[in-house]
Amino acid sequence: MTTTQPEPWTAHDRRLAAGASGLLAVFNAAGVLEAGDVHVATRVGDLGGERDEVVLLAVALAVRGVRHGSVCVDLTTLAALAADLPWPDPAAWTAAVAGSTLVSAGVLRLEGSLVYLDRYHRLELQVCDDLLSRLATAAPEVDEAALEAALARVRGDHFSPEQERAAVQAVRQTTTVLTGGPGTGKTTTVARMLVLLADQARVRGERLSIALAAPTGKAATRLQEAVLDELSRLDPVDRDLVGRPEALTLHRLLGWRPDNTTRFRHDRRNRLKYDLVVVDECSMVELTMMGRLLEAVRPQSRLVLVGDRFQLTPVGAGAVLSDVVTGYEGAPGSPVASLTENHRSTEDIKALAAALRDGDPDEVLAVLRRGGPEVEFVETDDPGPALHDDALTSALAVRHAAEAGDPVAALAALDRHRLLCAHREGPYGVRHWNRQVERWLAEATGTPIYGEWYVGRPILVTSNDYALEVYNGETGAAVLGADGRLRAWVSGSERLRDYAPGRLDAVETMHAMTIHKSQGSQAERVTVLLPDETSRLLTRELFYTAVTRAQQHVRVVGSEAAVRAVVTQQAQRASGLSGRLAAARHADDGNGGETWGG
């Protein structure tokens with residue numbers, strides 16, 4: 001959830017629950033709760049024999065919290081959602097929940113002022129316990145002479161002392177969390193980390209088996225390509241030691257099951273084969289997926305979690321990367337290795353990202369208005385003229401390559417420019433701008449676009465299809481084949497693959513894409529379209545994620561009011577994980593733990 005205030009539903013809105021009464025009806029009508037939240041709370045109350053309306057309100061808000069990405073809800077802070085509503089007194093509310101039949105039955109869990117649905121409470125405990133267990137596992141002994149020799153080989157202009165410290169830290173522990181913003185060299189660090197770990201395995205007479213994973217196929221492929229590019233700069237002996245690690249989505253890594261959408265083939269009874277698992281874009285990994293990953297990795301295997309804590313939180317509930325970093329912030333012997341030095345030459349983009357991390361709207365506006373070759377701000381209420389040239393140029397480049405039957409060139413053109421929107425629907429949404437770009441394309445080529453599939457159609461895969469080996473987040477284009485028929489080429493792990501268009505069900509046109517869907521990808525030039533300042537979706541994390549997709553140039557199209565709104569509004573997710581980790585850390589330090597739940 002964000003800090004923005006909800007708006008009341010209209011009289012006939014489908015999110016109004018028919019037959020709701022009492023506090024549930026009041027909070028539903030105010031736009032805090034939706035019909036599903038109310039119905040779940042009512043049904044759970046009926047099954048559990050619970051009639052106290054403040055307890056049922058807590059249930060409904062916990063359900064709402066999961067929808068908005070929170071693992072739990074804090075009864076002492078919920079009033080910030082809508083201050084004018086009749087919120088129960090926090091102390092009395094907590095006491096009522098504590099004494100409810102739902103808590104005694106284990107349907108709800110209460111810790112301090114935090115209220116959990118049982119499933120998410122168990123998941124959070126599991127993730128915490130697995131992390132603590134991994135952190136307590138002793139890493140293999142380090143051959144110091146071999147480590148120093150390997151470091152001498154990988155040092156150079158592309159490897160700073162900060163990056164070296166992070167890589168060495170990963171050699172000395174089984175679990176490492178590598179964080180840093182854009183340009184801080186996370187991939188450079190990972191590549192050299194692989195060399196150091198592979199060399200240590202060599203000394204033990206072993207060969208290190210490595211998996212490179214990410215939430216989406218695009219992110220996994222990008223990680224593999226970047227690592228292989230870094231390895232190409234190193235000694236051939238070290239390249240051979242590392243080899244060509246597999247690039248996998250997390251779903252492929254864990255082994256999808258056709259009979260179950262939340263469980264995988266690999267778990268505690270059937271562990272993964274790899275000696276080292278590196279997971280990139282961990283800011284996108286929700287609590288459930290992190291739980292499945294931790295139970296599948298062998299206790300003695302290395303695990304490296306890589307990501308930027310300031311990016312968008314996952315679509316699902318939880319923000320594990322941020323929680324782990326927060327839980328271990330400033331701790332000696334921490335599993336967290338933070339990279340802060342930016343190595344890219346894009347000074348203006350770096351300054352914009354830094355101002356966003358600091359939450360300073362004046363500085364963000366100053367950087368945007370200063371302009372230059374990297375950053376541009378188009379202040380307008382009519383975005384069409386500002387979007388036209390880059391969007392049409394990109395669409396034409398993809399089309400020309402597709403007409404020539406060149407899928408490699410088509411996909412390369414696709415990565416030169418990306419139009420990012422906060423919304424899916426409405427005048428600022430992806431659906432509207434995809435149609436608009438298609439109209440511009442038809443006018444420019446003189447060829448009307450009548451159907452869904454056409455030459456040069458850029459596509460985005462929106463769900464996993466394990467049978468076809470097509471995965472959520474992968475991109476592609478419709479390319480003309482030598483026989484005159486269209487083929488849909490998709491850029492996946494390690495290679496391009498082509499399909500008959502009719503076989504791809506879960507794809508959408510990608511002249512524009514949502515900022516959420518852009519995570520794990522990059523483009524040379526990025527245009528960010530901001531909606532008006534009243535949008536509930538505008539958050540600092542959203543804007544930060546959008547601008548950091550740009551490798552060379554970012555254009556922001558919108559108003560000053562929208563920029564100020566997006567910088568000052570933060571996504572807020574309730575979770576007890578960081579507190580659990582911090583409490584365990586303090587207990588280990590002999591400080592007796594801390595009170596963290598309210």
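Everything quoted here is computed from the prediction, not taken from an experiment.
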Please name the residue in the list [options] that meets the side chain to side chain contact (heavy atoms under 4.5 Å, CB included) test with [X].
X: L303; options: L131, L294, V177; answer: L294
X: L212; options: T221, V279, V278, V304; answer: V278
X: T545; options: L420, L356, I515; answer: I515

Taking [Y]'s backbone N and O only, do any of them form a donor-acceptor pair with [X]'s side chain (distance below 3.5 Å, no angle check)?
X: Q163; Y: G185; result: yes
X: N434; Y: T509; result: yes
X: D37; Y: E34; result: yes
X: E281; Y: P215; result: no
X: E533; Y: A565; result: no
X: R585; Y: Y328; result: no
X: S334; Y: V336; result: yes
X: R67; Y: V63; result: no

Atom [atom1] in [X], atom [atom2] in [Y]: separation rounded to 0.5 Å?
X: T380; Y: L387; atom1: OG1; atom2: CG; answer: 9.0 Å
X: D280; Y: T216; atom1: CG; atom2: OG1; answer: 9.0 Å
X: Q569; Y: L542; atom1: CD; atom2: CG; answer: 10.5 Å
X: D360; Y: T568; atom1: CG; atom2: OG1; answer: 11.5 Å
X: R309; Y: T326; atom1: CZ; atom2: OG1; answer: 4.5 Å
X: D229; Y: T187; atom1: CG; atom2: OG1; answer: 10.0 Å

Taking the basic N atoms (NZ, or NE/NH1/NH2) and the acidic carboxylate oxygens, is any pair closer than 4.0 Å for [X] and [Y]?
X: E560; Y: R564; result: yes
X: E111; Y: R580; result: yes
X: E508; Y: R424; result: yes
X: R435; Y: E438; result: no

Distance only, no hydrogens: is a donor on one side chain within 3.5 Å (strictly under) of an acceptor on the other, for [X] and [Y]?
X: Q436; Y: H511; answer: no
X: E230; Y: T188; answer: yes
X: S113; Y: D74; answer: yes
X: Q169; Y: T176; answer: no
X: S575; Y: D323; answer: yes

Who passes ring pair (Phe, Tyr, Trp, His ring centres under 6.0 Å) against F27, sequence neighbours left out?
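Expected list: W87.
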Looking at [X] and [Y], what are the two nearest heavy atoms and their distance?
X: L135; Y: P335; result: CD2-CB, 3.5 Å
X: P383; Y: W433; result: CG-CZ2, 3.6 Å
X: T94; Y: L110; result: O-CD2, 3.7 Å
X: Y544; Y: G181; result: OH-CA, 3.7 Å
X: L411; Y: G476; result: CD2-CA, 3.3 Å
X: N28; Y: A17; result: OD1-N, 2.7 Å

Kindly write out the residues that satisfy salt bridge (charged side-chain N to carboxylate O under 4.0 Å, His left out) with E379, not counting sequence neighbours, or none if the list is empty.
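Counting only residues at least two positions away or on another chain, E379 forms a salt bridge (charged side-chain N to carboxylate O under 4.0 Å, His left out) with R369.
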Would you indicate whether the side-chain heavy atoms of N472 and K517 approach each other to under 4.5 Å?
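Result yes, sub-4.5 Å side-chain heavy-atom pair found.
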Can you confirm whether L352 sits close enough to V364 that some side-chain heavy atom of one is under 4.5 Å from a side-chain heavy atom of the other?
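SC-SC contact between L352 and V364 confirmed.
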Name all residues meeting the side-chain contact (heavy atoms from CB on, under 4.5 Å) criterion together with S394; count only those two or more places apart in sequence or in a different chain, and write none if there are none.
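If we apply the side-chain contact (heavy atoms from CB on, under 4.5 Å) test to S394, skipping adjacent residues, the hits are H417.
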Taking atom CG as the centre, does D381 end up with more than 12 heavy-atom neighbours from other residues, nucleotides or ligands that are less than 6.0 angstrom away?
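No, not enclosed.
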